[in-house]
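For reference, the structure is listed below as structure tokens.
When a residue number appears, it is its place in the shown sequence, counting from 1. Numbering of ligands and ligand atoms starts at 1, following listing order.
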Amino acid sequence: MRNLEERYLDRLSDLYPTIAAASTEIINLQAILNLPKGTEHFITDVHGEYEAFSHVLKNGSGSVRRKINDVFGNTLSSRDKQSLATLIYYPKDKIAQVKKTESNMEDWYKINLYRLIEVSKRAASKYTRSKVRKALPKDFAYVIEELITERSEINDKESYYNEIIMTIIRIGRAEEFIIAISSLIQRLVVDHLHIVGDIYDRGPGPHIIMDKLMSYHSLDIQWGNHDVVWMGAAAGQLACIANVIRICARYGNLDILEDGYGINLLPLATFALQVYGDDPCDCFKLKGSDNPNRAEMELNMRMHKAISIIQFKIEGQTIRRQPGFGLEERALLHRIDYEKGTITLDGKEYKLLDTNFPTIDPKNPYQLSADEEDVMERLERAFTGCEKLQEHMHFLLSKGSLYKVYNNNLLYHGCVPLNEDGTLKEVTLFSKKFKGKSLYDALERYVRKGFFAVNREDCENGKDIMWYIWLNPNSPLFGKDKMATFERYFLAEKETHTEVKNPYYQYIENEKVIASIMKEFGLDFESDDTHIINGHVPVKRKNGESPVKCNGKVMVIDGGFSKAYQRETGIAGYTLIYNSYGLLLVAHEPFESTESAIEKESDIHSESMVIRRVVQRSLVENTDVGKELKEQIADLEVLLAAYRSGELKEKL
Ligand SMILES: O=P(O)(O)OC[C@H]1O[C@](O)(COP(=O)(O)O)[C@@H](O)[C@@H]1O
Ligand SMILES: [Mn+2]
């Protein structure tokens with residue numbers, strides 16, 4: 001057995017170019033060993049970043065690239081391999097780009113059709129024919145099947161396949177064929193997709209993501225807090241409607257509502273200009289990218305303030321209407337001294353950064369003004385009557401749930417509420433007590449009642465529970481002691497902004513507690529292939545935080561698809577890939593735009609980098625390929641540790 005140093009240096013030499021290119025402590029494993037069982041991809045907290053998300057789906061989080069490497073290894077230059085990858089991701093755009101310079105398109109089609117067929121053969125090789133048939137796009141299904149399944153009875157394969165390909169080109173259908181076979185490859189590299197919450201809010205295109213998910217071949221969704229607040233809004237829960245509009249205004253995304261969903265915001269805009277027209281609304285500046293159009297930004301800030309005040313009023317009403325929610329502390333407007341322009345919280349008085357509240361009557365601060373009333377009535381009708389929004393929310397209801405157990409993995413967006421001592425926290429909902437799994441089941445029953453209950457009280461409680469799930473400290477999807485929205489707008493003192501996380505986040509590395517949670521959901525901690533997969537809390541990878549928790553039993557995979565979080569995470573989202581060899585965690589580099597990905601074809605845009613492979617011990621022990629893999633993993637762990645310790649740096 002070569003000593004560790006020699007092995008380490010060997011590995012270093014053949015990984016050196018990859019590491020240098022990746023320029024971060026990421027090691028790009030050459031191939032992901034695929035075995036018969038399906039490959040599942042887990043993605044969370046996409047937060048409306050539809051371009052990056054679409055790109056990740058097209059490249060299968062790096063799986064398409066790996067397939068191309070498997071097939072063409074070093075028989076194609078990396079430039080040709082990347083060009084083929086881009087053709088698979090963006091066939092139409094790539095062909096248009098090639099046409100500008102290619103003198104012999106017929107030849108180009110022939111070469112690339114052969115290459116695409118080889119890649120799809122490899123991608124299909126791990127499947128049965130019937131499974132491939134199900135994945136075939138409707139056009140050219142028969143021809144593609146003929147080309148990728150080598151039927152033994154054909155003796156002169158070469159000329160037979162050549163004839164098929166030349167016919168496709170001759171009848172002028174090469175482009176459509178390329179598009180069809182590219183979509184087949186993309187479908188084959190991901191058997192099943194899990195979206196573990198937070199499709200909505202902050203990014204520009206959650207509605208575009210929803211359209212894409214609705215046409216995806218196989219997926220399930222675990223709702224995130226931002227998804228549930230949109231569900232509440234669609235069900236007509238007024239506090240949810242106000243939160244949805246406020247967050248859209250905060251990120252300059254009101255066009256999602258107006259253009260994406262056709263929800264008329266004119267009444268709110270007119271009201272905002274009337275009431276706050278000469279108010280600078282300084283606390284309501286745009287978060288994220290600046291809007292060059294000054295007038296639009298000014299209007300946005302006024303609408304942002306108008307809907308925020310409405311939200312605080314309506315939330316105060318909801319808190320009084322639902323005393324069982326235990327949120328009295330969060331009704332804040334009656335704690336303001338409107339003369340002095342201060343608020344008293346926990347016995348301490350704070351100056352408000354903004355004291356202009358023209359629509360608040362200090363004697364009855366939660367009362368909506370007549371105009372506010374009118375605006376909310378129209379918005380309620382607009383949200384509940386919006387066909388596209390209802391269609392998207394009903395998709396979430398049919399394909400989604402609050403949690404899911406799938407292939408021995410437990411998926412939920414946020415947490416399981418715990419007490420300080422790590423035991424399951426008991427929560428009272430409408431005077432019944434729930435905890436752990438029963439809390440999740442009860443909350444989900446209410447969400448569905450909010451949409452479908454005939455009994456009026458059940459329906460109203462169901463709607464209010466969606467708001468509860470959005471911000472209650474006992475909500476498994478929120479998991480913080482308060483949502484400090486008011487304080488973050490109106491108070492300078494940072495200590496009022498803190499949101500203390502539920503003890504779950506302290507126990508996330510504690511095997512005993514994680515084992516008890518797994519048991520609660522019917523999973524055995526000791527078994528190799530059981531894991532908990534969460535999102536919700538951005539993993540601060542940049543500061544060395546690992547998404548792998550509790551010795552590989554828990555994965556927190558919010559890697560910051562959302563641009564607003566990339567400063568903290570240092571990357572642009574994770575995909576967790578689960579195949580029979582275990583879990584592979586890939587990180588995505590920040591994605592500029594579709595145009596640049598097509599133009600530059602650079603790996604960094606399209607390539608996902610492997611961060612870490614958590615291989616199932618049982619499989620590794622029992623197969624010789626597994627043993628080789630185990631050695632490779634051991635080497636890579638040494639390498640990674642050395643690289644992290646800086647020892648490797650001087651060698652690079
Ligand atoms: O980033 P913003 O717009 O300030 O919102 C902050 C709010 O978002 C939350 O983090 C919830 O959103 P996430 O589920 O995306 O974390 C709250 O805890 C917090 O009050
Ligand atoms: Mn979340």
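Shown in contact with His47 at under 4.0 Å from a heavy atom are these atoms of ligand 1, numbered in order with element: 15 (O). Which parts of ligand 1 touch Asp198 is read off a 4.0 Å heavy-atom cut-off, strictly below it: atoms 14 (O), 15 (O). If you number the atoms of ligand 1 from 1 as listed, the ones under 4.0 Å from a heavy atom of Met483 come out as 20 (O). Shown in contact with Lys287 at under 4.0 Å from a heavy atom are these atoms of ligand 1, numbered in order with element: 1 (O), 2 (P), 4 (O). Close contacts of ligand 1 with Tyr251, meaning ligand atoms under 4.0 Å from a residue heavy atom, involve 1 (O), 2 (P), 3 (O).
Interatomic distance, Gln311 CD to Ile241 CD1, rounded to the nearest 0.5 Å: 12.0 Å.
Regarding atom 6 (C) of ligand 1, its nearest protein heavy-atom neighbour is Arg488 NH1, 3.3 Å. Nearest non-hydrogen protein atom to atom 15 (O) of ligand 1 is Arg202 NH1, 2.8 Å. Nearest to atom 14 (O) of ligand 1 among the protein's heavy atoms is Asn225 ND2, 2.7 Å. In this structure, the protein non-hydrogen atom closest to atom 10 (O) of ligand 1 is Lys480 NZ, 3.2 Å.
Checking Asp198 against the Mn ion (ligand 2), an N/O/S atom falls under the 2.8 Å cut-off. Taking 2.8 Å as the threshold, His536 counts as a candidate ligand of the Mn ion (ligand 2), since one of its N, O or S atoms lies below it.
Within the 4.0 Å heavy-atom criterion, neither part of Thr485 lies near ligand 1.
Under the 3.5 Å distance criterion, with hydrogens and angles disregarded, no donor-acceptor pair is assigned to the side chains of His47 and Asp201. Between the side chains of Tyr251 and Asn300, no donor-acceptor pair of N or O atoms lies under 3.5 Å.
Every N/O-N/O distance between His413 and ligand 1 stays at or above 3.5 Å.
Surrounding NZ of Lys519 are at most 12 heavy atoms belonging to other residues, nucleotides or ligands under 6.0 Å away. Heavy-atom contacts from other residues, nucleotides or ligands closer than 6.0 Å to CZ of Arg567 number 12 or fewer. The number of heavy-atom neighbours closer than 6.0 Å to NZ of Lys542, taken from other residues, nucleotides and ligands shown, is above 12. Annotation: Lys549, atom NZ; neighbour count of heavy atoms from other residues, nucleotides and ligands within 6.0 Å is above 12.
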task = Kindly determine whether Tyr489 and His304 satisfy ring pair (Phe, Tyr, Trp, His ring centres under 6.0 Å), including the steps that lead there.
result = CA-CA 11 Å; Tyr489 280 119; His304 188 178; 5.3 Å; yes

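For Glu460 and Lys463, the salt-bridge test passes: some basic side-chain N is under 4.0 Å from an acidic carboxylate O.
With His226, Arg246, Glu499 as candidates, the residue nearest to atom 12 (O) of ligand 1 on a non-hydrogen basis is His226.
Taking the Mn ion (ligand 2) as reference, the nearest N/O/S atom within His413 carries the name NE2.
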